[in-house]
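Okay, structure first, notes after.
All values reported here derive from a predicted model rather than from experimental measurement. As the structure lists them, so they are numbered: ligands from 1, and atoms in each ligand from 1.
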Amino acid sequence: MSKEINTIGVLTSGGDAPGMNAAIRAVVRTALARGKKVKGIMRGYQGLLDEEIVDMNKASVSDIIQKGGTILYTARCQEFTTAEGQQRGAEICKKHGIDGLVVIGGDGSFRGAQKLANLGINTIGVPGTIDLDISCTDYTIGFDTAVNTAMDAIDKVRDTSTSHERCSIIEVMGRHAGYIALWCGIASGAEDILLPERYSHNEQSIINHIIASRKQGKKHHLIINAEGIGHSTSMAKRIEAATGMETRATILGHMQRGGSPTCKDRMYASIMGAYAADLLCEGKSNRVVAYKDGKYVDYEINEALEMKKDISEYEFEISKILAR
Ligand code: ADP
Ligand code: F6P
């Protein structure tokens, strides 16, 4: 039997992502429009355990759709991975009358949401991460802004790389996944794109490629290296020694997580946030919102966490053709 929800809580958890504010705004305004009360939980699960809980109204989410980061702040919380922490979290939700909760974050945050759902708090996950590494969904909030930010930065490195006729290794984020690297690599016309999912650790083939391109008269050589491979600085030293081409490493770092969200991120975040609030209003729990094959859908959290996805083989093959 589905439970009627009176008060919806919302939190952001794990790494922040541009568009999270748009998602928070959509949760709050949709819940209010459906006649529910809304509470914001600050600093993810840590803030839940610390009872940092605030009432939210329409004005609480005014003027935030264009802002990067998350107005609710975010955190990683070790205590919440324990059974005691989860039990305390569920009790705090009940104490504050929160009977439905939207968790905006990645797979780790969804595992926490699943635990709360099992303890009687109706919980829905919304995919928010720049890494695009959530298997159940083709889109994660923040990815589009992050790849555009990284692409702009790579274009700038390219200018100086060409002027000095250098090789540049640019390291982009993505944790263990290569989606950011693949997109930025193709979009910036990189000569080599190194993805953790496909990397052969054959540095000699990169070196041979650089030497062959130099012979063809190329003025620079851009290598996009994913964080999951890393070691860009030592790689640059080895490549310079082997090719004689001056080589610099640039690690883009956290600038990729900031900035005003793109239209695409605001749009997906708005619809996904609203969809999550509506699932709670329908009495649903233990589900994740996703965008799959052109449609907004939802999956049971366990099913979502068991799904697998991988870099597209065709996109990877074409990335190599276009780079040569
Ligand atoms: P993301 O949500 O981006 O994958 P993390 O993996 O860092 O980020 O997870 C965010 C938070 O979710 C963790 O700090 C922790 O509080 C909570 N979490 C992660 N895994 C679990 C788990 N197995 N059980 C309960 N909570 C978890
Ligand atoms: O998950 C988003 C992400 O930015 C990853 O790309 C990166 O590996 C990680 O978070 C960095 O985390 P932190 O902000 O804790 O350094």
Check this for me: does any side-chain nitrogen of one of Arg198 and Glu313 sit under 4.0 Å from a carboxylate oxygen of the other? yes
Regarding Arg175 and Glu227, does a basic nitrogen lie under 4.0 Å from an acidic carboxylate oxygen? no
Between side-chain atoms of residues 244-251 and protein atoms elsewhere (two or more places apart, or another chain), which donor-acceptor pairs fall under 3.5 Å?
unit_1 : atom_1 : unit_2 : atom_2 : d
Glu246 : OE1    : Arg166 : NE     : 3.2
Glu246 : OE2    : Arg248 : NH2    : 3.4
Thr247 : OG1    : Met245 : O      : 2.8

Is Lys309 positioned over the aromatic face of Tyr179, cation under 6.0 angstrom from the ring centre and no more than 45 degrees off axis? yes
Would you please write out the protein residues whose heavy atoms approach any atom of ligand 1 to under 4.0 angstrom, listed by chain and number? Ser13, Gly14, Tyr45, Arg76, Cys77, Phe80, Thr81, Gln86, Gly106, Asp107, Gly108, Ser109, Arg111, Gly112, Lys115
More than 12 foreign heavy atoms under 6.0 Å from CE of Met307: is that the case here? yes
Quick one about Gln216 and Ser213 (side-chain donor to acceptor, distance below 3.5 Å, no hydrogens or angles considered), yes or no? no
Pocket residues around ligand 2 (non-hydrogen, under 4.0 Å) come out as Arg76, Thr129, Ile130, Asp131, Met173, Gly174, Arg175, Glu227, His254, Arg257
Residues passing the side-chain contact (heavy atoms from CB on, under 4.5 Å) test with Ser234, sequence neighbours excluded, are His231, Arg238
Could you check whether the rings of Phe80 and Tyr45 sit parallel, tilted or perpendicular, using 30° and 60° as the cut-offs? parallel
Is the shortest side-chain heavy-atom distance between Arg29 and Val61 below 4.5 Å? yes
